[in-house]
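Notes to accompany the following structure.
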Amino acid sequence: HVMEAYASLGNGAASIPANKNRAPILAQAVYDKLKENTNLIPTVREHRLLIRAWSNSTCKEAAYKAMGLWMNMLRLFRAGDEEMEPRLEDGKMVLEAWSRAINKHSARRAQTVLNAMEKLVSHKKTEVRPDLDCYKYVLIAMSRSKVPDVGANVIDL
């Protein structure tokens, strides 16, 4: 599977750093081609592979891309596509990407993902509960934030 190969680029000590940034772009191109074809619909597998590829990337827009895919999965799940139920690992990859992102909105975006995960559980839509790592990634994103009052939101966690 081509997307799987791209998603795994950059995972490992011997990988070439340039591949780490190029891999998600190539995987995204394959995903976009799938979406263009009316006979092929990207499955949960393609969504997860692409989230992994973007989450492992150091591209400036990587966290946004990973979050967009995760939110798309969430939208499809809420619309009744049970296969698209986001797993804990999916959310953790997105949260970790935000914890590494150099972006003034990283903390707020990470909180949005965490809140969406918590809301699914509280509304009994899923049994996938955020774990300690999820909260850790949000706290890391908050600690790196340059937004002056971001610390006020810690109490909401």
Side-chain angles (χ1 to χ4, degrees), residues 1 3-4 6-13 15 20-21 23-25 27-28 31-32 34-35 41-157:
H1 196 270
M3 284 185 67
E4 192 165 5
Y6 289 143
S8 64
L9 276 176
N11 290 342
S15 64
K20 194 171 190 171
N21 286 332
I25 295 166
Q28 183 74 52
Y31 176 87
D32 292 342
L34 281 174
K35 284 179 71 174
I41 298 169
T43 67
V44 69
R45 181 175 185 230
E46 283 81 28
H47 278 80
R48 288 189 170 124
L49 288 170
L50 198 48
I51 288 172
R52 182 170 30 137
W54 282 117
S55 296
N56 288 330
S57 174
T58 57
C59 290
K60 187 175 180 177
E61 72 276 3
Y64 279 109
K65 298 282 191 176
M67 183 175 177
L69 288 156
W70 186 84
M71 296 296 271
N72 187 49
M73 284 178 69
L74 187 59
R75 183 184 56 76
L76 292 168
F77 175 66
R78 285 180 176 154
D81 188 346
E82 295 288 322
E83 182 181 85
M84 287 295 182
E85 179 179 8
R87 293 188 305 204
L88 177 61
E89 198 57 39
D90 303 327
K92 283 167 78 164
M93 285 188 287
V94 176
L95 290 170
E96 185 177 13
W98 280 121
S99 76
R100 289 191 320 264
I102 300 171
N103 182 297
K104 95 179 212 183
H105 303 294
S106 295
R108 188 172 62 216
R109 302 288 188 234
Q111 285 177 290
T112 299
V113 172
L114 183 63
N115 290 341
M117 293 171 77
E118 290 174 333
K119 191 174 182 181
L120 281 176
V121 174
S122 70
H123 287 112
K124 307 213 183 317
K125 302 283 185 195
T126 186
E127 294 192 14
V128 178
R129 295 184 180 279
D131 66 2
L132 189 58
D133 286 334
C134 295
Y135 293 94
K136 176 183 79 173
Y137 292 135
V138 173
L139 288 170
I140 291 169
M142 292 172 89
S143 72
R144 296 183 66 198
S145 177
K146 303 286 188 240
V147 178
D149 61 348
V150 76
N153 295 331
V154 170
I155 214 106
D156 296 334
L157 296 179

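Just the heavy atoms: all of them, side chains too, but no hydrogens, waters or symmetry mates, feed the values below.
- Leu114 places a side-chain heavy atom less than 4.5 Å from the side chain of Glu118.
- A pairwise comparison of heavy atoms in Thr43 and Met84 identifies C-CE, 3.6 Å as the closest pair.
- Salt bridge present: Arg100 and Glu96 bring a charged side-chain N and a carboxylate O closer than 4.0 Å.
- Nearest heavy atom pair, residue Cys134 against residue Lys92, reads SG-CG, 3.5 Å.
- Atom CG in Asp81 sits 12.0 Å away from atom CG in Leu74 (nearest 0.5 Å).
- Within the 4.5 Å cutoff, no side-chain heavy atoms of Val113 are placed close to those of Tyr137.
- The minimum heavy-atom distance linking Val44 with Glu83 is given by the pair CG2-O, 3.3 Å.
- With Ser57 contributing its side chain and Ala53 its backbone, the two residues share no donor-acceptor pair below 3.5 Å.
- Here the shortest heavy-atom pairing between Ala116 and Arg78 reads O-NH2, 4.5 Å.
- If you take CE on Met93 and CZ on Arg87, they are separated by 7.5 Å, rounding to the nearest 0.5 Å.
- Proximity of Val128 to Asp90: side-chain heavy atoms (C-beta onward) are nowhere separated by under 4.5 Å.
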(Q) For Glu89 and Arg48: C-alpha separation, side-chain torsions, deciding distance, then whether side-chain contact (heavy atoms from CB on, under 4.5 Å) applies. (A) CA-CA 9 Å; Glu89 198 57 39; Arg48 288 189 170 124; over 6 Å; no
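- In this structure, Trp54 and Glu61 have side chains that are in contact, with non-hydrogen atoms separated by less than 4.5 Å.
- Here the CZ-CG distance, from Arg129 to Leu120, works out to 11.5 Å after rounding to the nearest 0.5 Å.
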Q. Where do Arg109 and Asn103 land on the side-chain contact (heavy atoms from CB on, under 4.5 Å) test, with the steps shown first?
A. CA-CA 10 Å; Arg109 302 288 188 234; Asn103 182 297; 5.7 Å; no
Q: Kindly determine whether Asn72 and Phe77 satisfy side-chain contact (heavy atoms from CB on, under 4.5 Å), including the steps that lead there.
A: CA-CA 8 Å; Asn72 187 49; Phe77 175 66; over 6 Å; no
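- The shortest heavy-atom contact between Leu69 and His47 is O-CD2, 3.9 Å.
- When all heavy atoms are compared, the tightest approach of Ser145 to Ala107 is CB-CB, 4.1 Å.
- The structure places NZ of Lys65 at 8.5 Å from CD1 of Ile25, a figure rounded to the nearest 0.5 Å.
- Judged purely by atom type and a 3.5 angstrom limit, Ser122 uses its side chain to pair as donor or acceptor with the backbone of Lys119.
- One distance of note links OG of Ser55 with CG of Leu50; it measures 9.0 Å at 0.5 Å rounding.
- Of the possible donor and acceptor atoms, none in the side chain of Arg144 sits under 3.5 Å from a partner among the backbone N and O of Ile102.
- The CH2 atom of Trp98 lies 12.5 Å from the CD atom of Gln111; values are rounded to the nearest 0.5 Å.
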